[in-house]
Colleague: 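Before we start, here is the structure in question, set down as C-alpha coordinates.
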Amino acid sequence: SHEIRTRQIEVAAPSNLLQAQLQLGERRMPRILFISDLHYGLDAGGDAATERLAEHLVRTARPDDVLCVLGDVGSDPHTFRTCLEMFGQFPGPKCGVAGNHDIWVPEGENSWDRLAETAKDFAANGFHALEEAPLLLGPLAIVGTIGWYDGSFRDEIGVDAGDYERKYCPSLNTGWADAEHVRWDYTDARFTEFTARKLETHLAMIPQTATAICCTHHLPTRRLLHRPRWLVPKHWRFTNAFLGSDCYGTLLLGDSRARLAMSGHIHARRSYRSGAMVFATVGGNYRDKEVVTWDGGKLRRLTFQPPKHRA
(Lines give C-alpha, C1' and ligand atoms only; values in the text may rest on other atoms or scores of the structure.)
Protein backbone atom coordinates (compact mmCIF):
# COMPACT_ATOMS: atom_id res chain seq x y z
CA SER A 1 0.00 0.00 0.00
CA HIS A 2 1.02 3.59 -0.53
CA GLU A 3 1.99 5.08 2.83
CA ILE A 4 0.89 8.65 2.09
CA ARG A 5 -2.66 7.60 1.26
CA THR A 6 -3.70 7.46 4.93
CA ARG A 7 -6.27 10.15 5.65
CA GLN A 8 -4.96 10.55 9.19
CA ILE A 9 -1.66 11.70 7.66
CA GLU A 10 0.46 9.26 9.62
CA VAL A 11 4.14 8.98 8.81
CA ALA A 12 5.47 5.45 8.79
CA ALA A 13 9.09 4.41 8.49
CA PRO A 14 9.72 3.54 4.82
CA SER A 15 9.80 -0.21 4.30
CA ASN A 16 11.71 -0.05 1.02
CA LEU A 17 14.79 1.78 2.30
CA LEU A 18 17.12 -1.20 1.92
CA GLN A 19 15.79 -2.00 -1.54
CA ALA A 20 16.70 1.54 -2.56
CA GLN A 21 20.30 1.15 -1.44
CA LEU A 22 23.06 1.05 -4.06
CA GLN A 23 26.56 0.19 -2.91
CA LEU A 24 29.30 2.36 -4.34
CA GLY A 25 31.92 1.11 -1.87
CA GLU A 26 34.64 3.54 -0.88
CA ARG A 27 34.70 5.43 -4.18
CA ARG A 28 34.51 9.20 -4.47
CA MET A 29 31.33 11.19 -3.95
CA PRO A 30 29.03 10.61 -6.93
CA ARG A 31 28.38 13.50 -9.29
CA ILE A 32 24.78 14.63 -8.90
CA LEU A 33 22.82 16.27 -11.72
CA PHE A 34 19.75 18.28 -10.75
CA ILE A 35 17.01 19.31 -13.17
CA SER A 36 13.63 20.89 -12.51
CA ASP A 37 10.59 22.62 -14.01
CA LEU A 38 10.73 20.92 -17.38
CA HIS A 39 6.96 21.50 -17.81
CA TYR A 40 6.99 19.11 -20.76
CA GLY A 41 4.03 19.56 -23.09
CA LEU A 42 3.40 23.19 -22.16
CA ASP A 43 5.58 25.07 -24.67
CA ALA A 44 7.07 23.83 -27.94
CA GLY A 45 10.30 25.74 -27.42
CA GLY A 46 10.60 24.52 -23.85
CA ASP A 47 9.97 20.96 -24.99
CA ALA A 48 12.78 21.27 -27.54
CA ALA A 49 15.13 22.57 -24.84
CA THR A 50 14.14 19.67 -22.57
CA GLU A 51 14.83 17.19 -25.34
CA ARG A 52 18.27 18.72 -25.90
CA LEU A 53 18.96 18.52 -22.17
CA ALA A 54 17.88 14.89 -21.98
CA GLU A 55 19.96 13.92 -25.02
CA HIS A 56 23.02 15.63 -23.53
CA LEU A 57 22.67 13.90 -20.15
CA VAL A 58 22.08 10.46 -21.65
CA ARG A 59 25.11 10.92 -23.94
CA THR A 60 27.59 12.37 -21.43
CA ALA A 61 26.66 10.93 -18.04
CA ARG A 62 28.83 8.32 -16.33
CA PRO A 63 27.46 5.13 -14.73
CA ASP A 64 27.96 6.49 -11.22
CA ASP A 65 26.34 9.87 -11.95
CA VAL A 66 23.03 10.47 -10.18
CA LEU A 67 20.07 12.27 -11.77
CA CYS A 68 17.64 14.13 -9.49
CA VAL A 69 14.41 15.55 -10.89
CA LEU A 70 12.90 18.27 -8.70
CA GLY A 71 9.32 18.42 -9.91
CA ASP A 72 7.00 20.11 -12.41
CA VAL A 73 7.97 17.42 -14.89
CA GLY A 74 5.01 17.56 -17.29
CA SER A 75 1.78 19.39 -17.95
CA ASP A 76 -0.49 16.37 -17.33
CA PRO A 77 -0.05 12.67 -16.38
CA HIS A 78 0.74 11.66 -19.99
CA THR A 79 3.46 14.28 -20.51
CA PHE A 80 4.81 13.54 -17.02
CA ARG A 81 5.48 9.96 -18.09
CA THR A 82 6.65 10.91 -21.59
CA CYS A 83 9.21 13.28 -20.13
CA LEU A 84 10.58 10.67 -17.73
CA GLU A 85 10.90 8.22 -20.61
CA MET A 86 13.42 10.53 -22.31
CA PHE A 87 15.88 9.74 -19.51
CA GLY A 88 15.44 5.98 -19.88
CA GLN A 89 19.02 5.47 -21.13
CA PHE A 90 20.61 7.56 -18.39
CA PRO A 91 23.34 5.19 -17.14
CA GLY A 92 23.27 5.96 -13.42
CA PRO A 93 20.78 6.01 -10.55
CA LYS A 94 17.76 8.30 -10.95
CA CYS A 95 15.43 9.79 -8.35
CA GLY A 96 12.78 12.47 -8.20
CA VAL A 97 10.00 14.37 -6.48
CA ALA A 98 6.81 15.78 -7.93
CA GLY A 99 5.99 19.49 -8.23
CA ASN A 100 2.74 21.33 -7.61
CA HIS A 101 1.90 21.33 -11.35
CA ASP A 102 2.32 17.55 -11.36
CA ILE A 103 -0.59 17.15 -8.93
CA TRP A 104 -3.00 19.53 -10.66
CA VAL A 105 -6.17 17.58 -11.46
CA PRO A 106 -9.54 18.30 -13.11
CA GLU A 107 -12.76 18.55 -11.15
CA GLY A 108 -13.79 15.19 -9.76
CA GLU A 109 -10.22 13.94 -9.19
CA ASN A 110 -7.99 14.20 -6.13
CA SER A 111 -4.48 15.65 -5.98
CA TRP A 112 -3.59 13.29 -3.13
CA ASP A 113 -4.25 10.34 -5.42
CA ARG A 114 -2.28 11.99 -8.21
CA LEU A 115 0.71 12.44 -5.86
CA ALA A 116 0.62 8.70 -5.18
CA GLU A 117 0.44 8.04 -8.93
CA THR A 118 3.55 10.14 -9.59
CA ALA A 119 5.52 7.79 -7.33
CA LYS A 120 4.34 4.86 -9.44
CA ASP A 121 5.20 6.74 -12.64
CA PHE A 122 8.69 7.43 -11.32
CA ALA A 123 9.20 3.75 -10.48
CA ALA A 124 7.86 2.59 -13.84
CA ASN A 125 10.53 4.69 -15.56
CA GLY A 126 13.46 3.61 -13.43
CA PHE A 127 13.40 6.51 -10.96
CA HIS A 128 13.46 6.15 -7.20
CA ALA A 129 10.55 8.14 -5.74
CA LEU A 130 12.01 10.16 -2.87
CA GLU A 131 8.51 10.76 -1.51
CA GLU A 132 8.54 7.05 -0.65
CA ALA A 133 11.96 6.59 0.94
CA PRO A 134 15.56 7.87 0.99
CA LEU A 135 18.04 6.76 -1.65
CA LEU A 136 21.37 5.51 -0.28
CA LEU A 137 24.41 5.66 -2.54
CA GLY A 138 27.50 4.63 -0.62
CA PRO A 139 28.50 7.66 1.50
CA LEU A 140 25.62 9.70 0.12
CA ALA A 141 21.98 9.76 1.23
CA ILE A 142 19.38 11.61 -0.83
CA VAL A 143 16.10 12.54 0.83
CA GLY A 144 13.24 14.52 -0.64
CA THR A 145 9.64 15.61 -0.79
CA ILE A 146 7.44 17.82 -2.92
CA GLY A 147 7.37 20.29 -0.02
CA TRP A 148 4.60 22.88 0.26
CA TYR A 149 3.79 26.25 1.82
CA ASP A 150 2.34 27.31 5.17
CA GLY A 151 2.47 31.11 5.26
CA SER A 152 5.99 31.38 6.66
CA PHE A 153 7.12 33.24 3.51
CA ARG A 154 4.49 35.98 3.87
CA ASP A 155 5.65 39.58 3.91
CA GLU A 156 3.84 42.31 5.82
CA ILE A 157 2.30 44.06 2.81
CA GLY A 158 -1.17 44.85 4.11
CA VAL A 159 -2.90 41.84 2.56
CA ASP A 160 -5.73 40.20 4.48
CA ALA A 161 -5.17 36.66 5.77
CA GLY A 162 -8.30 35.60 3.89
CA ASP A 163 -6.71 36.58 0.59
CA TYR A 164 -3.85 34.20 1.32
CA GLU A 165 -6.32 31.44 2.18
CA ARG A 166 -8.17 32.02 -1.10
CA LYS A 167 -4.87 32.46 -2.96
CA TYR A 168 -6.26 35.55 -4.63
CA CYS A 169 -5.81 39.22 -3.73
CA PRO A 170 -8.42 41.51 -5.34
CA SER A 171 -6.56 44.71 -4.50
CA LEU A 172 -3.50 43.43 -6.37
CA ASN A 173 -5.52 41.55 -9.01
CA THR A 174 -3.22 38.56 -8.65
CA GLY A 175 -3.65 34.96 -7.59
CA TRP A 176 -2.05 31.54 -7.37
CA ALA A 177 -3.31 28.80 -9.69
CA ASP A 178 -3.07 26.01 -7.10
CA ALA A 179 -6.37 27.40 -5.80
CA GLU A 180 -8.07 26.15 -8.97
CA HIS A 181 -6.11 23.00 -9.73
CA VAL A 182 -4.99 21.37 -6.45
CA ARG A 183 -7.98 19.47 -5.09
CA TRP A 184 -7.86 17.71 -1.71
CA ASP A 185 -9.22 17.90 1.82
CA TYR A 186 -6.14 19.40 3.47
CA THR A 187 -5.14 22.88 4.44
CA ASP A 188 -1.79 24.11 3.19
CA ALA A 189 -0.44 24.20 6.74
CA ARG A 190 -1.50 20.61 7.40
CA PHE A 191 0.03 19.23 4.23
CA THR A 192 3.24 21.19 4.90
CA GLU A 193 3.40 19.67 8.38
CA PHE A 194 2.89 16.21 6.93
CA THR A 195 5.72 16.55 4.41
CA ALA A 196 8.03 18.02 7.06
CA ARG A 197 7.32 15.13 9.42
CA LYS A 198 7.94 12.65 6.64
CA LEU A 199 11.24 14.33 5.76
CA GLU A 200 12.23 14.13 9.43
CA THR A 201 11.37 10.42 9.44
CA HIS A 202 13.45 9.79 6.34
CA LEU A 203 16.43 11.67 7.81
CA ALA A 204 16.17 9.41 10.86
CA MET A 205 16.47 6.35 8.60
CA ILE A 206 19.80 7.22 6.99
CA PRO A 207 23.22 6.33 8.49
CA GLN A 208 24.76 8.73 10.96
CA THR A 209 27.92 8.85 8.83
CA ALA A 210 26.11 9.74 5.60
CA THR A 211 26.30 13.02 3.73
CA ALA A 212 22.67 14.07 3.29
CA ILE A 213 21.34 15.85 0.20
CA CYS A 214 17.76 17.10 0.18
CA CYS A 215 15.61 17.51 -2.94
CA THR A 216 12.37 19.49 -2.82
CA HIS A 217 10.25 21.26 -5.37
CA HIS A 218 9.20 24.08 -3.06
CA LEU A 219 11.78 26.26 -1.39
CA PRO A 220 13.03 25.17 2.05
CA THR A 221 13.97 28.67 3.19
CA ARG A 222 12.77 32.20 2.46
CA ARG A 223 16.43 33.19 2.13
CA LEU A 224 16.16 31.93 -1.46
CA LEU A 225 13.58 34.60 -2.31
CA HIS A 226 14.71 37.67 -4.25
CA ARG A 227 16.22 40.37 -2.04
CA PRO A 228 16.00 43.12 -0.93
CA ARG A 229 12.32 42.43 -0.42
CA TRP A 230 11.23 46.07 -0.73
CA LEU A 231 12.39 46.10 -4.35
CA VAL A 232 10.14 43.16 -5.25
CA PRO A 233 6.78 44.29 -6.73
CA LYS A 234 3.94 43.89 -4.27
CA HIS A 235 1.98 41.41 -6.40
CA TRP A 236 5.06 39.17 -6.55
CA ARG A 237 5.51 39.46 -2.80
CA PHE A 238 1.96 38.16 -2.46
CA THR A 239 2.59 35.10 -4.67
CA ASN A 240 5.97 34.50 -3.00
CA ALA A 241 3.98 33.26 -0.01
CA PHE A 242 3.21 30.12 -2.04
CA LEU A 243 6.80 29.25 -2.90
CA GLY A 244 7.77 27.20 0.16
CA SER A 245 8.20 26.98 3.91
CA ASP A 246 10.96 27.71 6.40
CA CYS A 247 10.14 24.52 8.31
CA TYR A 248 12.19 22.39 5.90
CA GLY A 249 15.26 24.60 6.19
CA THR A 250 15.01 24.62 9.98
CA LEU A 251 14.90 20.83 9.96
CA LEU A 252 17.93 20.55 7.66
CA LEU A 253 19.98 23.12 9.56
CA GLY A 254 19.42 21.04 12.69
CA ASP A 255 20.97 17.95 11.07
CA SER A 256 24.77 17.98 10.92
CA ARG A 257 24.75 15.46 8.05
CA ALA A 258 22.92 17.79 5.68
CA ARG A 259 25.19 19.57 3.20
CA LEU A 260 23.04 20.59 0.23
CA ALA A 261 19.36 21.33 -0.36
CA MET A 262 18.28 21.76 -3.99
CA SER A 263 14.87 22.96 -5.11
CA GLY A 264 13.10 24.30 -8.18
CA HIS A 265 9.76 26.10 -8.48
CA ILE A 266 10.94 29.72 -8.82
CA HIS A 267 12.49 29.49 -12.31
CA ALA A 268 15.52 31.48 -11.14
CA ARG A 269 19.07 30.84 -9.99
CA ARG A 270 19.36 31.42 -6.27
CA SER A 271 21.73 30.21 -3.56
CA TYR A 272 22.27 30.77 0.13
CA ARG A 273 24.87 29.37 2.53
CA SER A 274 24.48 28.91 6.26
CA GLY A 275 27.63 27.45 7.78
CA ALA A 276 28.39 24.17 6.01
CA MET A 277 24.88 24.00 4.54
CA VAL A 278 24.11 25.26 1.02
CA PHE A 279 20.61 25.95 -0.26
CA ALA A 280 20.27 26.46 -4.02
CA THR A 281 17.75 26.35 -6.85
CA VAL A 282 17.73 25.08 -10.42
CA GLY A 283 17.22 28.00 -12.79
CA GLY A 284 15.58 28.05 -16.19
CA ASN A 285 12.03 28.94 -17.17
CA TYR A 286 9.26 27.69 -19.45
CA ARG A 287 11.58 27.82 -22.51
CA ASP A 288 15.16 27.60 -21.19
CA LYS A 289 16.17 24.57 -19.10
CA GLU A 290 19.09 24.14 -16.74
CA VAL A 291 21.10 21.30 -15.23
CA VAL A 292 23.02 21.94 -12.02
CA THR A 293 25.96 19.64 -11.25
CA TRP A 294 27.44 19.01 -7.80
CA ASP A 295 30.36 16.72 -7.00
CA GLY A 296 30.92 17.72 -3.39
CA GLY A 297 32.43 21.09 -4.31
CA LYS A 298 31.00 24.00 -6.26
CA LEU A 299 27.69 23.98 -8.10
CA ARG A 300 28.06 24.19 -11.88
CA ARG A 301 25.22 25.28 -14.17
CA LEU A 302 24.56 24.54 -17.83
CA THR A 303 21.62 26.05 -19.75
CA PHE A 304 19.80 24.48 -22.72
CA GLN A 305 17.75 26.65 -25.05
CA PRO A 306 15.41 25.83 -27.97
CA PRO A 307 17.18 25.53 -31.32
CA LYS A 308 17.45 28.77 -33.30
CA HIS A 309 15.68 28.36 -36.60
CA ARG A 310 17.25 30.07 -39.58
CA ALA A 311 15.05 32.22 -41.77
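FYI, the numbering just counts along the sequence from 1. Because the structure is a prediction, the values reported are computed rather than measured.
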Colleague: Evaluate the side-chain proximity of Leu225 to Leu219: yes if any heavy-atom separation is below 4.5 Å, no if none is.
Modeller: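 Counting from C-beta outward, Leu219 and Leu225 do come under 4.5 Å.
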
Colleague: Please check if the side chain of His217 supplies one atom and the backbone of Leu70 the other of a donor-acceptor pair under 3.5 Å.
Modeller: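 Yes; judged by distance alone, with no hydrogens or angles, the pair exists.
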
Colleague: Any idea which heavy atoms bring Ser152 and Gly244 closest together, and the distance?
Modeller: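 Nearest heavy atoms, Ser152 then Gly244: OG-O, 4.3 Å.
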
Colleague: Using distance alone, with no hydrogens and no angle criterion, decide if Thr79 and Asp76 have a side-chain donor and acceptor under 3.5 Å apart.
Modeller: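 Distance-only check passes for Thr79 and Asp76.
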
Colleague: To the closest 0.5 Å, what do you measure between NE2 (His202) and CD (Glu132)?
Modeller: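 His202 NE2 to Glu132 CD: 8.0 Å, rounded to 0.5 Å.
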
Colleague: Is there a side-chain contact between Arg114 and Pro77 (heavy atoms, below 4.5 Å)?
Modeller: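 When only atoms from C-beta onward are counted, Pro77 and Arg114 do touch, with a gap below 4.5 Å.
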
Colleague: To the nearest 0.5 Å, what is the distance between CZ on Arg259 and CD1 on Ile213?
Modeller: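 So the gap between those two atoms works out to 9.0 Å.
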
Colleague: Considering the options Ser36, Pro220, Cys215, which one meets the side chain to side chain contact (heavy atoms under 4.5 Å, CB included) requirement together with Ser263?
Modeller: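 The side chain to side chain contact (heavy atoms under 4.5 Å, CB included) with Ser263 is passed solely by Pro220 among Ser36, Pro220, Cys215.
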
Colleague: So how far is it from Ser171 OG to Lys234 NZ, rounded to the nearest 0.5 Å?
Modeller: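 Result: 6.5 Å between the selected atoms.
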
Colleague: Look up atom CG in Leu130 and atom CG in Leu199, then write down how far apart they are to the nearest 0.5 Å.
Modeller: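 These two atoms lie 10.0 Å from each other.
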
Colleague: Mind telling me whether Phe127 and Phe87 have parallel, tilted or perpendicular rings, with 30° and 60° as the class edges?
Modeller: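 Geometry flag for Phe127 against Phe87: perpendicular rings.
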
Colleague: With heavy-atom distances below 4.5 Å as the criterion, would you say the side chains of Asp163 and Tyr168 are in contact?
Modeller: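 Not in contact.
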
Colleague: Can you find a pair of side-chain heavy atoms, one from Phe122 and one from Val97, that are under 4.5 Å apart?
Modeller: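 No, side chains not in contact.
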
Colleague: Out of Thr174, Thr239, Asp188, which residue meets the side-chain hydrogen bond (donor to acceptor under 3.5 Å, both in side chains) rule with Lys167?
Modeller: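 Passing option: Asp188.
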
Colleague: Look at the side chain of Tyr186 and the backbone N and O of Thr192, then say whether any donor-acceptor pair between them is shorter than 3.5 Å.
Modeller: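 Judged by distance alone, no pair lies under 3.5 Å.
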
Colleague: Ignoring hydrogens and geometry, is there a side-chain-to-backbone donor-acceptor pair from Lys198 to Thr145 under 3.5 Å?
Modeller: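 No; zero donor-acceptor contacts below 3.5 Å.
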
Colleague: Say whether, by atom type as modelled, one donor and one acceptor occur between the side chain of His128 and the main chain of Ala133 under 3.5 angstrom.
Modeller: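 Flag set: sc His128 to bb Ala133 pair under 3.5 Å.
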
Colleague: Out of curiosity, Asp246 CG to Leu251 CG, how far, rounded to the nearest 0.5 Å?
Modeller: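 The CG atom of Leu251 is 12.5 Å from CG of Asp246, to the nearest 0.5 Å.
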
Colleague: Could you tell me whether the side chain of Arg270 reaches within less than 4.5 Å of the side chain of His226, counting heavy atoms only?
Modeller: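 In short, these two side chains touch, coming nearer than 4.5 Å.
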
Colleague: Please answer whether the main-chain N or O of Gly249 pairs with a side-chain N or O of Arg223 as donor and acceptor at a distance below 3.5 Å.
Modeller: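 Answer holds: no.
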
Colleague: Could Arg154 and Tyr164 be counted as a cation-pi pair, given that NZ or CZ must be under 6.0 Å from the ring centre and within 45° of the axis?
Modeller: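 Yes, Arg154 lies over the aromatic ring of Tyr164.
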
Colleague: Assess whether a salt bridge exists between Asp155 and Arg222, defined as any Lys/Arg side-chain N lying under 4.0 Å from an Asp/Glu carboxylate O.
Modeller: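 Judged by the 4.0 Å cut-off on N to carboxylate O distance, Asp155 and Arg222 do form a salt bridge.
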
Colleague: If you draw the axis of the six-membered ring of Tyr272, does the NZ or CZ of Arg227 fall within 45° of it and under 6.0 Å from the ring centre?
Modeller: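 Verdict for Tyr272: no cation-pi partner in Arg227.
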
Colleague: What pairs of residues pass the side-chain hydrogen bond (donor to acceptor under 3.5 Å, both in side chains) test when at least one of them lies in residues 274-289, not counting sequence neighbours?
Modeller: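 Qualifying pairs: Asp43-Arg287.
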
Colleague: For the atom pair CD1 (Ile103) and CD (Glu117), what is the distance rounded to the nearest 0.5 Å?
Modeller: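 Rounded to the nearest 0.5 Å, the CD1-CD separation comes out at 11.5 Å.
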
Colleague: Determine, for Arg183 against Asp113, whether the closest basic-nitrogen to carboxylate-oxygen distance falls under 4.0 angstrom.
Modeller: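 The answer is no: the pair does not qualify as a salt bridge.
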
Colleague: Tell me, do Glu193 and Asp150 make a side-chain contact under 4.5 Å, heavy atoms counted?
Modeller: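 Glu193 does not reach Asp150 side chain to side chain.
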
Colleague: Once you measure the plane-to-plane angle for His56 and Phe304, does it fall in the parallel (<30°), tilted (30-60°) or perpendicular (>60°) bin?
Modeller: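 Plane angle between 30° and 60°, so tilted.
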
Colleague: May I ask you to check whether over 12 heavy atoms, not counting those of Glu180, lie within 6.0 Å of atom CD?
Modeller: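 Check fails, neighbour count at 12 or below.
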
Colleague: Where do Phe191 and Tyr149 land on the ring-ring contact (aromatic ring centres under 6.0 Å, His included) test, with the steps shown first?
Modeller: CA-CA 8 Å; Phe191 185 70; Tyr149 41 84; 9.2 Å; no

Colleague: With side chains defined as the heavy atoms from C-beta onward, is the minimum distance between Leu260 and Leu299 less than 4.5 Å?
Modeller: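 Yes, close enough: below the 4.5 Å cut-off.
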
Colleague: Look at the side chain of Asp295 and the backbone N and O of Arg31, then say whether any donor-acceptor pair between them is shorter than 3.5 Å.
Modeller: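 No; zero donor-acceptor contacts below 3.5 Å.
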
Colleague: Evaluate the side-chain proximity of Arg237 to Arg229: yes if any heavy-atom separation is below 4.5 Å, no if none is.
Modeller: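 Side-chain contact under 4.5 Å: yes.
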
